[in-house]
Colleague: 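One structure, as structure tokens, below. Some questions next.
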Amino acid sequence: MDAVLQRSASILVDVYFSIDSRVQGDWTITDVVGELDLATSAEFRAAAHSGLADSTRFALDLSDCALIDSVGLGIVVGTARRARSAGKDFVVVVGERSKGFFERTRLDEILELVERSELDALVGIK
Amino acid sequence: MTGPAELSVKAAAESVPLARNFVVEFASQVDWLGETQVERLRLAASELITNAIVAQLKVAPDREIVVRCGLSSRKMTVRVTDSGGGFELPTDLNIPEPDIDRESGFGLAIADALADDVSFTKLPDGIDVVLTMHR
């Protein structure tokens, strides 16, 4: 019974979705919290494209994403392609859970995935 | 024993989390499904629901997608039915080679990789997909 209640609670939490961008040094970092799917794709795509356009070094922090489906993954790949064309640095920040979405599709082989501590090192936070 | 459950949603992007949570809530009541299996089911169902909605939006956006959850002693099934018309049944469900130029086309492969079984049936006006998780 406890397990059922716990899962129900996580369903409620997962509905929450937010995107915020910040600048640290020469990096623009866009933090995404929630579920990346068709419902949130338009907002996510717009944020990823503008974040990349506004910077020379761009990080998408997806470490707090509870779900990233094929629509969300496609937008990340598209952002990577745009970054490459523009000669910009682009990294994807993942956590233990969100990393699995990339590994399952082997996209970890073509994207630069980093953990949050690695991003901190990149942007110069001690 | 949990009885069958059915949800009809409009063919719209915002229906994806609604339908996904419906499946997860059903799965959460199945005592033999572990947390890992429920997580797999969550993403697999999301992919199938998204696929159905995208297909339906192209052909008959005013019609609804139907999601049905069923349970027997040996398996749980999720049936997603759309009226998306001329969609061809997929023949290759392997995860494609990672490619920076590929932004789409791996949703069904993800669903197939996560579920114990995914089967497709062509209907007169759409597709019926059944995802199965075995006990």
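In what follows, chains are A, B, ... by sequence order, proteins preceding strands, each numbered from 1.
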Colleague: What part of Arg102(B) gets within 4.5 angstrom of chain A, counting heavy atoms only: side chain, backbone, both, or neither?
Modeller: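 It is the backbone, since no side chain atom gets that close.
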
Colleague: Is there side-chain contact between Val76(A) and Leu107(A), with at least one heavy-atom pair below 4.5 Å?
Modeller: no

Colleague: Which bit of Leu114(B) comes within less than 4.5 Å of chain A, counting heavy atoms only: side chain, backbone, both or neither?
Modeller: side chain

Colleague: Distance-only, no hydrogens or angles: does the Gln56(B) side chain make a donor-acceptor pair with backbone N or O of Ser83(B) under 3.5 Å?
Modeller: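 Between the backbone of Ser83(B) and the side chain of Gln56(B) there is a qualifying donor-acceptor contact (under 3.5 Å).
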
Colleague: Any side-chain donor-acceptor pair under 3.5 Å between Thr132(B) and Thr77(B)?
Modeller: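 Checked: Thr132(B)/Thr77(B) side chains show no N/O donor-acceptor pair below 3.5 Å.
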
Colleague: By a 4.5 Å heavy-atom criterion (distance strictly below it), what part of Asp31(B) contacts chain A: side chain, backbone, both, or neither?
Modeller: neither

Colleague: Are Asp116(B) and Lys75(B) close enough for a salt bridge, meaning some N to O gap below 4.0 Å?
Modeller: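 Salt bridge flag = no for Lys75(B) with Asp116(B).
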
Colleague: Specify which of Glu47(B), Glu103(B), Glu97(B) makes the most heavy-atom pairs with chain A at under 4.5 Å.
Modeller: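 Answer, by heavy-atom pair count under 4.5 Å with chain A: Glu103(B).
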
Colleague: Please state whether the side chain, the backbone, both or neither of Leu43(B) comes within less than 4.5 Å of a heavy atom of chain A.
Modeller: both

Colleague: Would a 4.5 Å heavy-atom cut-off, applied to side chains only, mark Arg68(B) and Thr81(B) as touching?
Modeller: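 Side-chain contact under 4.5 Å: yes.
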
Colleague: Less than 4.5 Å to any heavy atom of chain B: does that hold for the side chain of Asp37(A), its backbone, both, or neither?
Modeller: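 Side chain of Asp37(A) only, per the 4.5 Å heavy-atom cut-off to chain B.
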
Colleague: Do you know which of Leu67(A), Val77(A), Asp108(A), Leu73(A) has the most heavy-atom pairs with chain B at a distance under 4.5 angstrom?
Modeller: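 Looking at each of Leu67(A), Val77(A), Asp108(A), Leu73(A) in turn, Leu67(A) comes out on top.
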
Colleague: Taking side chain as everything from C-beta outward and backbone as N, CA, C, O, which of these in Ile53(B) sits under 4.5 Å from a heavy atom of chain A? Side chain, backbone, both or neither.
Modeller: side chain

Colleague: Looking at side-chain heavy atoms only, is the closest gap between Phe101(A) and Ile110(B) below 4.5 Å?
Modeller: no

Colleague: Could you tell me whether Arg42(B) and Glu35(A) make a salt bridge, using a distance below 4.0 angstrom between a side-chain N and a carboxylate O?
Modeller: yes

Colleague: Count the heavy-atom pairs under 4.5 Å between each of Gly78(A), Ala42(A), Ser41(A) and chain B, then report the option with the highest count.
Modeller: Gly78(A)

